[in-house]
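Here's the structure, in structure tokens; my notes come after.
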Amino acid sequence: MEKSPNPTKNVGRSIILSLIICTVVYFLVAISVNSSLTISEIVKAKDYSLAEAARPAFGNYGLYFTVGIAIVATISGVIASIFAVSRMTAMLTDMKLIPHSHLGMSGSIQKHMLIYIVVIAITLTVFFDLSRIASIGAIFYLVMDMIVHWGVFKHLRKEVKANGVILISALLLDLIVLIAFLWIKATTDIFVVIISAIGIILVFAGEKWFLHWKESE
């Protein structure tokens, strides 16, 4: 595998280009759905509104094709996310930042983390519907993103030559989105907010206890 000739610039450019492409694609999808279906039909279709929007132009075959593509994309995304998270948590385990137990299993730490993550994902799927899982994940992500921005601004800004204005701007935008999202969920599904708050508190408390325990060893 060839390395990027100038990763310092090209990685950032590729991220920005990917975001632009995704924004354009989602914008075009929204236009296509809105032009094919009425608001009431979109609300009725909900999660498969894109597939329903393909029916007027291509009939049932368009519906089946869109649903099939969505299933493949979802499975690919889930598998990619699981492996990415397992690698990240394995790295954190090697850095002694999170606890780990083999529980009698053989193989590498990443394989163990892969099993743990799959078990957690299955447990969440059993107890929550997909919309609630997505909402809880969004809250966790926004909180994590804010912490990362603040950590880089406070401790690594000079070392990595990061732009402080961009970091603070990103942090404030995350905060605005988080407050708006929490307000909406508090008025429509307070259970998601409660579970997210409990989960964040447990993660913080558990991590603090683990790091304190490692330091005292």
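As the structure is a prediction and not an experimental result, all values here were calculated from the model. One-based numbering along the sequence shown.
Residue pairs meeting the salt bridge (Lys or Arg N to Asp or Glu O under 4.0 Å) criterion with at least one partner in residues 115-126, sequence neighbours excluded, do not occur; the list is empty. Sorted by first and then second residue, the pairs that involve residues 163-192 and meet salt bridge (Lys or Arg N to Asp or Glu O under 4.0 Å), not counting sequence neighbours, are Arg132-Asp189.
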* **Steps toward side chain to side chain contact (heavy atoms under 4.5 Å, CB included) verdict (Ile115, Lys111)** => CA-CA 6 Å; Ile115 294 174; Lys111 291 181 179 179; 5.7 Å; no

* **side chain to side chain contact (heavy atoms under 4.5 Å, CB included) assessment of Phe127 paired with Ile195** => CA-CA 12 Å; Phe127 288 99; Ile195 292 297; over 6 Å; no

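Within a 6.0 Å sphere centred on CZ of Phe140, heavy atoms belonging to other residues, nucleotides or ligands number more than 12. The number of heavy-atom neighbours closer than 6.0 Å to CZ of Phe83, taken from other residues, nucleotides and ligands shown, is 12 or below.
Relative orientation of the Trp213 and Trp209 rings is parallel, given thresholds of 30° and 60° on the angle between their planes.
Taken together through direct or relayed side-chain contacts under 4.5 Å among Ile, Leu, Val, Met, Phe, Trp and Tyr, Trp183 and Leu142 form parts of separate hydrophobic clusters. By the rule that hydrophobic residues join a cluster once side-chain heavy atoms approach within less than 4.5 Å of another member, Leu182 and Ile198 end up as members of one cluster. Under the 4.5 Å side-chain contact rule for hydrophobic residues, Trp150 and Val160 share a cluster. Follow the hydrophobic side-chain contacts under 4.5 Å out from Leu173 and you never reach Val148; the two are in separate clusters. Val165 and Leu171 are assigned to two separate hydrophobic clusters, defined by single-linkage of ILVMFWY side chains at heavy-atom distances under 4.5 Å.
Rounding to the nearest 0.5 Å places CD1 of Ile147 at 3.5 Å from CZ of Phe204. The NZ atom of Lys158 lies 10.5 Å from the CZ atom of Phe153; values are rounded to the nearest 0.5 Å. For the atom pair Ile71 CD1 and Ser76 OG, the distance stands at 11.5 Å (nearest 0.5 Å). Taking CD1 from Ile136 and CD1 from Ile200, the interatomic distance works out to 10.0 Å, rounded to the nearest 0.5 Å. The CG atom of Leu114 sits 12.0 Å away from the CZ atom of Arg87 when rounded to the nearest 0.5 Å. For the atom pair CE (Met144) and NE2 (His149), the distance works out to 9.0 Å, reported to the nearest 0.5 Å.
Taking both residues in full, the closest heavy atoms of Ala162 and Val152 are given as CB-CG1, 4.2 Å, listed atom of the first, atom of the second, then distance. Heavy atoms only, all atoms of each residue included: Val192 and Ser135 are closest at CG1-CB, 3.7 Å.
The one candidate from Leu175, Ile176, Val177 that meets the side-chain contact (heavy atoms from CB on, under 4.5 Å) condition with Ile179 is Leu175. Screening Thr89, Ile82, Val118 for a side-chain contact (heavy atoms from CB on, under 4.5 Å) with Met113, the sole residue that qualifies is Thr89.
Applying the side-chain hydrogen bond (donor to acceptor under 3.5 Å, both in side chains) test to His112 and every residue at least two apart in sequence or in another chain returns His100, His102.
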